[in-house]
Amino acid sequence: MGYNHLSTYFIARKNLARRPFRTACLATLVTLLAFTLFGGGIVYFSLLRGLDSIADRLGGDALIVVPEGYERKVQGVYLRGDPSTFYLDKSVLAKIGQIRGVKDISPQLFVATLKESCCSLPVQLIGFDPRTDFSIKPWLAGEMAALPGPGEIIVGNMIEAAPGETLEFFNQPYKVLGRLAKTGMGYDTTVFMTIQDAQKLLARQLAYKEITNLSADNLLSSINVNVQKDYDVAIIGDKLRKISGPDKLSVIVTQNMLGSIKSSADKFLTLIYYSALALWLLALLVLLLVFSLTFNERLREFAIYRTLGASRRKLYALIFSEAALLSLCGASTGILLAALLVFPFNNYISQTLQIPYLLPAWPKIAVLLAASFTGAFAVGPLATLFSARKLGQAETYTVLRENEI
Amino acid sequence: MKNRIFTALFFVAAGILIAAGPLHIFGVCEPTAQKTMKCVWTARAEIGVGTLIALLGATLAAMPPVAGRLGLSIALTLAGCLAVLLPETLIGVCGNPMMQCRLLTYPALLLLGSLVAAVGLVNSLYLFRLLKR
């Protein structure tokens, strides 16, 4: 038997292997903890980043005028990219412009492409007016060198088309000007174009559906309204609702929409936060109990080590190494399992939650990985502190004599 | 003996999931009368690969000689790679990232195939060392 066989690491490993069931149960507990910390952490920060992303793009105290009954559809377009087509008569634009307190107005036209075959899901096309727009242009201009002109489009991150490529909608070719970075919201599956191009596409869609009583040139879907500083958004909203015309109007306050999204996300965030905390405490408590109970069982074993010449320091190191090895296996397995689920199934999680969801940047993921690993790993060694204190109080001779009875 | 049974159980379970998953658990897109998509063919091909993995795994459990198990493990590693390559390059899945097959089937097959390949490789290395001893 070589010297290495008396090393603390070797003895600790053998001790763990001697009790496979106990070792497996404790390692599973740490695995579960690490899984929750890392997996939950990724979901937590993805939701936060998703909320930031939608706030950046819909932020500000703006109002969105839509036909009555279509508020949820608009929210679906922004949040999940659920394709929708709905109309509003263009004449309302001039009436909104006459209201005192209205600073800027900009129309948008939403057109959903048709589902042609099993492999092509409908896509949301948003036509906007680059001259008057204040809701899309600011962040679009930050990502793109130029805004789309006639016959040009900018596509969301999840639409597979490279800049320079041509995409066809209703048999009309459009040149892809650029592909946006991931936003975690409905814009990822949206195509942006000029409102004139969107109107042409709508005309083709109306013709295809054989709708003859509508002229695409006179149709809009929503009107974004920016309110002057000294005016109350709620009062202007009320005035907008009362505008008479061919369509009854409804007004969405972007801040309210963000508030409702945030409150849905908050439920998940709270659940993740408290379950991770509860699991951490539970793991610490269970390990503390197990180490404390097994310590009493193993007093004679420790006393024999002492009589064989092992110092108290060596025994501390032994208990600590056993806990550290357990934690190391559990923490690594838990983090690996969480990574295998949260990264490949990222889009599925996002789709299931129905809340803006955007993976954190890689440096943040690395920090989260290190923090989760440390948090899960620390439980084992921390749980041995109590046993180590008891070890300091035990007298070898007394322990051996007690066990002779 | 215990290791052999656990490894074999893993391969059998993974094989069944690869074979039946794309059809029943993490299903591919529904084919229509107009067109049958790539993901449907991938699902069919995975029935073969998954069954092969499950059968090789079952043979592994009933094979005491180390050399034989080494051969089976190498075969399982390659079958795992094949399970990954079918949706990745050989046949593929639908192009739209929001399609059912891209959301669920594709990552699930990649995950299961990679796990089979990784466990097969580790088992091969372990058995190779055992054989050399």
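First the proteins, then the strands, lettered A, B, ... as listed; each starts at 1.
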Can you establish whether the number of heavy atoms outside [X] located under 6.0 Å from its atom [atom1] is more than 12?
X        : atom1 : result
B:Tyr126 : OH    : no
A:Arg22  : CZ    : yes
A:Lys175 : NZ    : no
A:Arg19  : CZ    : yes
A:Arg18  : CZ    : yes
A:Tyr70  : OH    : no

Quick one: pull up [atom1] in [X] and [atom2] in [Y] and give me the separation to the nearest 0.5 Å.
X        : Y        : atom1 : atom2 : result
B:Arg102 : A:Glu160 : CZ    : CD    : 5.0 Å
B:Leu103 : A:Asn346 : CG    : CG    : 10.0 Å
B:Phe26  : A:Tyr348 : CZ    : OH    : 12.0 Å
A:Leu340 : B:Leu110 : CG    : CG    : 11.0 Å

Non-hydrogen atoms of chain A under 4.5 Å away: do they reach the side chain of B:Leu111, the backbone, both or neither?
->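 For B:Leu111, the side chain is the part near chain A, not the backbone.
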B:Pro107 to A:Pro344 - nearest heavy-atom pair and separation =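 So the two residues come closest at CB-O, 3.3 Å.
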Single hit among A:Thr189, A:Asp188, A:Ile159 for side chain to side chain contact (heavy atoms under 4.5 Å, CB included) with B:Met98 = A:Thr189
